[in-house]
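It should be emphasised that the depicted structure is a prediction, and the values quoted were computed from it without experimental measurement.
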Amino acid sequence: MKAIVTSPICPLMTRPSHQCRRGDEALFGMTLEVLEDTRTGWYQVEAPYRYGGYAPAECLLFGDSGVRRWADLPKQVVCKAICDVLSGPAVEFWPLVTLTRGALVSPVGAPDERGWQRVVLPDGREGYTKCSFLCEYYKKPFPAEENAFRAAVTATARSYLGVHYRWGGKTPMGIDCSGLTSMSYLLSGVVIYRDAEIREGFPVHPIPRPSMRPGDLLYFPGHTAMYLGEGRYIHSTARCGSDGVVINSLRPEDPDYREDLDKGMTAVGSIF
């Protein structure tokens, strides 16, 4: 059985309860595989990127016909940090739902002359948002040569700068270290492992540290980051004084050097 996420952010908890650790977040419009109904208002689910958890029933839409209908519709992904879907094509209309980067909607026709795009939501409602808030939804790596791909994933990572740290988070409302790296790749059509490790069966593989290039991933005990080039990297950290997505340096002479991370790096990973 499958279900569609109809909440802007659906928590995936490590147990069927809010009183436990959040493992991940599923985003609006995502289709989840339902593994078990716990009969407690929680469902054990697995996301398309092979990461699981327990989702509250109120965040999910069930029904074979609705799931099939949504699967057959064209999709675009929200690329704006925060995006209102309004009841009409003007800013004064009421928001039907407020979405975050990574949410999926289905476009209907072309935008009008003022840039308003009509969209369908998973529950069948229709609304409007600016076409500039939406980007192409990639189910596989977007067609670009290596340098363009590296530029795209680093630009996406930079778009989260300043977002506060949230354990298990993956949106501009709050994001953790592997949420940042996995979302940066996912928005370019590449599924990497959600946690801070290189996992067999996913495309990231170890490379020598001297070979790292922008877009490659840096691994530390329980932490991950993305290399930006010139000795700098971006990551989401709960360290006091950072408290979210920041850029740090691997060069000891720089004021934002993190000796603990530089000396503690365990691996560098790349999809190339």
Side-chain angles (χ1 to χ4, degrees), residues 2-14 18 22-35 42-62 66-67 70-71 73-85 95-107 117 119-125 127 129-130 133-140 142 153 156-157 159-160 163-195 236 244-245:
K2 296 183 183 298
I4 304 167
V5 177
T6 54
S7 173
I9 301 174
C10 172
L12 298 185
M13 310 300 287
T14 53
H18 284 296
R22 182 201 318 249
D24 190 19
E25 292 175 335
L27 303 184
F28 189 86
M30 182 179 289
T31 300
L32 305 176
E33 189 74 32
V34 178
L35 305 179
W42 292 82
Y43 289 83
Q44 186 181 12
V45 298
E46 184 178 74
Y49 43 90
R50 292 175 277 166
Y51 203 88
Y54 291 88
E58 61 266 23
C59 293
L60 304 176
L61 175 68
F62 297 92
V67 170
W70 181 244
L73 291 175
K75 307 290 193 308
Q76 286 187 309
V77 63
V78 173
C79 51
K80 187 80 168 176
I82 303 294
C83 165
D84 283 338
V85 176
L96 300 177
V97 64
T98 299
L99 303 177
T100 66
R101 184 180 296 124
L104 298 176
V105 297
S106 178
Q117 173 67 60
V119 297
V120 173
L121 305 180
D123 60 6
R125 290 181 297 167
T129 193
K130 285 287 190 173
F133 296 173
L134 304 175
C135 296
E136 186 173 352
Y137 171 49
Y138 297 106
K139 290 186 176 180
K140 58 184 180 180
F142 75 94
V153 295
T156 299
S159 71
Y160 290 90
V163 173
H164 79 86
Y165 184 91
R166 173 185 287 176
W167 185 282
K170 60 194 297 184
T171 79
M173 299 292 290
I175 199 163
D176 68 9
C177 63
S178 57
L180 174 67
T181 54
S182 63
M183 282 302 296
S184 298
Y185 271 80
L186 188 65
L187 290 169
S188 289
V190 175
V191 174
I192 65 172
Y193 187 54
R194 169 66 171 90
D195 280 348
S236 183
V245 181

**Request:** In sequence, state the C-alpha distance, the side-chain angles, and the governing distance for Thr129 and Val105, and then conclude on side-chain contact (heavy atoms from CB on, under 4.5 Å).
**Result:** CA-CA 10 Å; Thr129 193; Val105 297; 5.6 Å; no
**Asked** Are side-chain heavy atoms of Leu134 and Val78 found at a separation under 4.5 Å?
**Response** yes
**Item:** Residues which pass ring-ring contact (aromatic ring centres under 6.0 Å, His included) with Tyr54, listed by chain and number, not counting sequence neighbours
**Value:** none
**Asked** Does some side-chain heavy atom of Leu27 sit less than 4.5 Å from a side-chain heavy atom of Met183?
**Response** yes
**Request:** Taking all heavy atoms of Pro172 and all of Ala81, pick out the closest pair and write down the distance.
**Result:** CG-O, 3.5 Å
**Request:** Over all heavy atoms of both residues, which pair between Ala55 and Leu12 is shortest? Give the atoms and the distance, please.
**Result:** CB-CD2, 3.8 Å
**Request:** Give, for atom CZ of Arg22 and atom CG of Asp176, the distance between the pair rounded to the nearest 0.5 Å.
**Result:** 9.5 Å
**Message:** For a quick test of reading the model, state the closest non-hydrogen atom pair linking Leu32 to Pro48 and the distance between them.
**Reply:** CD2-CD, 4.3 Å
**Request:** Write down the atom of Pro8, the atom of Val97, and the distance for their closest heavy-atom approach.
**Result:** CG-CG2, 3.8 Å
**Tyr193 and Tyr49: CA distance, side-chain angles, deciding distance, side-chain contact (heavy atoms from CB on, under 4.5 Å) verdict** = CA-CA 7 Å; Tyr193 187 54; Tyr49 43 90; over 6 Å; no
**Message:** Contact between Glu58 and Ser7 at the side-chain level, heavy atoms closer than 4.5 Å - yes or no?
**Reply:** no
**Request:** Spell out, as yes or no, whether a donor-acceptor pair under 3.5 Å connects the side chain of Thr98 to the backbone of Asp84.
**Result:** no
**Prompt:** Which residues pass the side chain to side chain contact (heavy atoms under 4.5 Å, CB included) test with Tyr138, sequence neighbours left out?
**Reply:** Glu136, Phe142, Pro143
**Request:** Indicate yes or no: at least one non-hydrogen side-chain atom of Val163 is less than 4.5 angstrom from one of Arg101.
**Result:** no
**Message:** Within this structure, what is the CG-OG1 distance for the pair Leu99 and Thr171, rounded to the nearest 0.5 Å?
**Reply:** 11.0 Å
**Spatial distance of atom NZ (Lys2) from atom CD (Glu33) [nearest 0.5 Å]** = 3.5 Å
**Message:** Contact between Ile82 and Met173 at the side-chain level, heavy atoms closer than 4.5 Å - yes or no?
**Reply:** yes
**Request:** Could you pull out all residues at least two apart from Tyr43 that satisfy ring-ring contact (aromatic ring centres under 6.0 Å, His included)?
**Result:** Phe62
**Request:** Indicate yes or no for a side-chain donor-acceptor contact from Ser178 to the backbone of Arg194 under 3.5 Å, with no hydrogens or angles considered.
**Result:** yes
**Message:** Check this for me: Lys80, atom NZ, are more than 12 non-hydrogen atoms of other residues, nucleotides or ligands nearer than 6.0 Å?
**Reply:** no
**Prompt:** Checking side-chain contact (heavy atoms from CB on, under 4.5 Å) for the pair Ile9/Arg166: CA distance, chi angles, key distance, verdict?
**Reply:** CA-CA 13 Å; Ile9 301 174; Arg166 173 185 287 176; 4.2 Å; yes
**Prompt:** Judged by atom type as modelled, is there a donor-acceptor pair below 3.5 Å linking the side chain of Glu25 to the main-chain atoms of Lys170?
**Reply:** yes
**Request:** Compare all side-chain heavy atoms of Thr6 with those of Leu60 and state whether any distance is below 4.5 angstrom.
**Result:** no
**Prompt:** If you round to the nearest 0.5 Å, how far is CG of Leu96 from CG of Asp123?
**Reply:** 9.0 Å
**Asked** Can you name the ring-ring contact (aromatic ring centres under 6.0 Å, His included) partners of His18, sequence neighbours left out?
**Response** Trp42
**Asked** Can you name the closest pair of heavy atoms from Ala71 and Lys75 and give their distance?
**Response** O-NZ, 3.8 Å
**Prompt:** What are the two closest heavy atoms between Thr31 and Trp70, and how far apart are they?
**Reply:** OG1-CD1, 4.0 Å
**Prompt:** How would you list all residue pairs meeting side chain to side chain donor-acceptor pair (under 3.5 Å) that involve residues 179-190, not counting sequence neighbours?
**Reply:** none
**For Cys79, all residues meeting disulfide (SG to SG under 2.5 Å), sequence neighbours excluded** = Cys135
**Prompt:** Considering only heavy atoms from C-beta outward, does the side chain of Val67 approach that of Ile4 to under 4.5 Å?
**Reply:** yes
**Side-chain touch Leu104/Phe28, heavy atoms, less than 4.5 angstrom** = no
**Message:** Donor-acceptor check, side chain of Ser236 to backbone of Ile175, threshold 3.5 angstrom: yes or no?
**Reply:** yes
